[in-house]
Amino acid sequence: MSAADRVTASLNTYRALPKVELHRHLEGSLRLDTMLDVAQQHGITIPADVLRLSTLVQIQEEDKFTFQNFLGKFNTLRLFYRSPDVIHRITREAVEDAAKDNVKYMELRFTPVALSRAERFPLHDVMDWVISSAQEASKEQDVIVKLIVSVNRHESAEIAEQVAWLAADHIKDGIVGMDLAGNEADFPSQPFYGIFKEAKQAGLHITIHAGEWGPGYNVREAIEEIGAERIGHGVRVLDDESIVALARERQTAFEVCITSNYQSGVFESLETHPLMEMYDAGLNVTINSDDPSISRITLSHEYYTACEDLKMPQSALKQRIVAAAQAAFIGETEKEKLVKRLEKDLKL
Ligand code: ADE
Ligand code: ZN
């Protein structure tokens with residue numbers, strides 16, 4: 001068997017595993033073919049071939065791996081949200097792509113402000129469109145889908161408050177949580193403390209991007225000041241043993257996204273990613289994709305990278321898949337059913 005065959009055979013091993021995704025952005029999940037279609041239909045002037053479009057919306061080997069370049073891809077992606085149909089389509093396709101990768105449970109996060117901006121769609125309409133398409137696609141595919149609303153740090157507190165209230169109104173429709181995302185290096189989370197507190201009181205679960213492009217201290221802030229139950233990335237938690245102890249004590253789940261961290265310049269190489277250090281420190285790590293289209297990956301690739309490159313034992317990976325289900329933003333009965341099904345399918 002050639003080396004290439006071994007890789008293929010091995011990736012298939014991870015493809016076959018039932019998966020849990022806690023951290024995937026809708027806006028980072030668009031298919032290239034769909035973007036070309038939409039560009040044609042709506043007269044958007046972008047390069048008409050897949051390869052040239054890819055340089056604008058996906059990380060390339062020759063790109064400088066910085067968070068500014070990574071976030072820059074969203075500027076082009078924002079051009080595509082031109083009609084309700086487009087938003088329905090990208091949501092449906094994101095669910096289909098997850099199902100094809102054998103994801104059995106997914107919390108898909110979306111940024112209502114980003115989706116509404118190009119055409120000034122009302123936020124409540126955007127939310128309705130994403131909800132209805134996610135529900136419909138989830139019924140047709142073998143994947144449970146819940147939604148998380150995301151607000152970027154550079155947005156105003158007023159907008160975040162609107163998003164929080166709209167999301168709280170739709171808890172019954174599968175919106176389970178609220179997230180703070182975007183440029184952590186330059187925008188503090190302090191302006192959003194009160195809003196996240198209200199969102200939590202209204203019944204939404206809280207996850208915060210922290211300790212990714214900002215210091216480990218932001219993980220403590222997210223847990224203690226914002227009420228985060230889970231942390232997006234949080235890989236810089238290892239900066240400070242007292243924060244590691246806090247997160248371990250609370251069993252805060254870390255939504256780790258290996259390739260995204262590498263491509264956005266958090267670590268110089270895949271090999272220096274601290275997934276295993278976090279795991280060995282007793283932190284509740286889970287493995288996620290972040291922006292699969294921008295990173296040109298699937299969740300199966302991330303599982304492969306965790307085990308083959310970072311040397312997580314496969315038994316530990318299986319246990320982390322169940323841990324992700326246990327950290328899901330769903331009620332106890334639904335969670336028990338999901339965990340049981342995974343344990344059976346993973347032969348645990
Ligand atoms: N939005 C999309 N991907 C993100 C990331 N990795 N960090 C912060 N905000 C994001
Ligand atoms: Zn993210």
Side-chain angles (χ1 to χ4, degrees), residues 20-30 57-59 63 65-78 80-81 90 94 98 106-115 117 130 146-155 159-160 163 177-189 192 196 205-216 218-219 221-222 226 228-237 253-267 270 273-275 285-299 302 305 324 327 329:
V20 173
E21 173 80 275
L22 297 180
H23 189 130
R24 183 178 301 197
H25 296 261
L26 171 61
E27 300 81 12
S29 302
L30 274 64
V57 294
Q58 297 183 315
I59 300 289
D63 280 353
F65 286 1
T66 62
F67 80 84
Q68 292 91 342
N69 272 346
F70 194 91
L71 283 180
K73 307 292 178 188
F74 289 98
N75 295 336
T76 307
L77 287 161
R78 234 157 254 175
F80 292 92
Y81 315 131
I90 62 169
M106 170 164 69
E107 287 175 12
L108 182 63
R109 59 190 71 194
F110 67 107
T111 314
V113 173
L115 295 173
R117 189 111 321 149
V130 172
K146 305 290 177 187
L147 297 168
I148 293 174
V149 290
S150 223
V151 173
N152 282 321
R153 288 166 178 266
H154 66 267
E155 298 294 348
I159 285 208
V163 171
M178 183 158 169
D179 166 45
L180 189 62
N183 180 347
E184 187 194 356
D186 299 316
F187 293 89
S189 54
F192 303 98
F196 276 86
H205 293 277
I206 307 297
T207 176
I208 304 285
H209 282 72
E212 177 194 20
W213 303 325
N218 290 0
V219 173
E221 180 191 36
I226 321 183
E229 300 151 79
R230 299 197 319 234
I231 300 291
H233 306 279
V235 285
R236 291 183 59 184
V237 67
F254 286 79
E255 304 156 358
V256 178
C257 310
I258 306 164
T259 302
S260 161
N261 289 159
Y262 168 52
Q263 292 177 341
S264 72
V266 184
F267 303 104
L270 271 182
H273 193 283
L275 173 75
V285 294
T286 66
I287 294 157
N288 304 277
S289 68
D290 209 14
D291 299 291
S293 173
I294 293 175
S295 290
R296 301 201 281 184
I297 52 155
T298 61
L299 188 53
E302 294 305 272
T305 301
F329 290 159

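Excluded from the calculations below are hydrogen atoms, water molecules and symmetry mates; all remaining heavy atoms, backbone and side chain alike, are included. As the structure lists them, so they are numbered: ligands from 1, and atoms in each ligand from 1. Heads up: numbering here begins at 1 and tracks the sequence.
In terms of protein heavy-atom proximity, atom 1 (N) of ligand 1 is nearest to H25 CE1, 3.5 Å. Protein heavy atom in closest approach to atom 3 (N) of ligand 1: D291 OD2, 2.7 Å.
When non-hydrogen atoms are compared, ligand 1 lies under 4.0 Å from the side chain of S260 (C-beta onward) but not from its backbone. Contact annotation: for N183 versus ligand 1, there are no heavy atoms closer than 4.0 Å. Neither the backbone nor the side chain of E184 comes within 4.0 Å of ligand 1, counting heavy atoms alone. Contacts of F67 with ligand 1, taken as heavy-atom pairs under 4.0 Å, are absent altogether. Of the heavy atoms in D290, only side-chain atoms (C-beta onward) come closer than 4.0 Å to ligand 1.
Closest heavy-atom approach to atom 7 (N) of ligand 1 within the set R109, E212, H23, R153: this belongs to E212.
Between H25 and H209, the ring planes are tilted. Angles from 30° to 60° get that label.
The side-chain tip of R230 points at the ring of F329 from less than 6.0 angstrom away and within 45° of straight on.
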Verify salt bridge (charged side-chain N to carboxylate O under 4.0 Å, His left out) between R296 and E302, making sure each step is shown before the conclusion. CA-CA 11 Å; R296 301 201 281 184; E302 294 305 272; over 6 Å; no

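Salt bridge D63/K73: present, at least one basic N to carboxylate O contact under 4.0 Å.
Contact annotation: G182 has at least one heavy atom less than 4.0 Å from an atom of ligand 1.
A side-chain donor-acceptor contact under 3.5 Å links E21 and S289. Between the side chains of N218 and E184, a donor-acceptor pair is found at a separation under 3.5 Å.
Side-chain contact between N288 and T286 is present, with heavy atoms from C-beta onward closer than 4.5 Å.
Among the backbone and side-chain atoms of H209, an N/O/S atom is found under 2.8 Å from the Zn ion (ligand 2). Counting backbone and side-chain atoms alike, H23 contributes an N/O/S atom closer than 2.8 Å to the Zn ion (ligand 2).
Counting just the N/O/S atoms of D290, the one with the shortest distance to the Zn ion (ligand 2) is named OD1.
In this structure, A210 and A222 approach most closely via the heavy-atom pair CB-CB, 4.1 Å.
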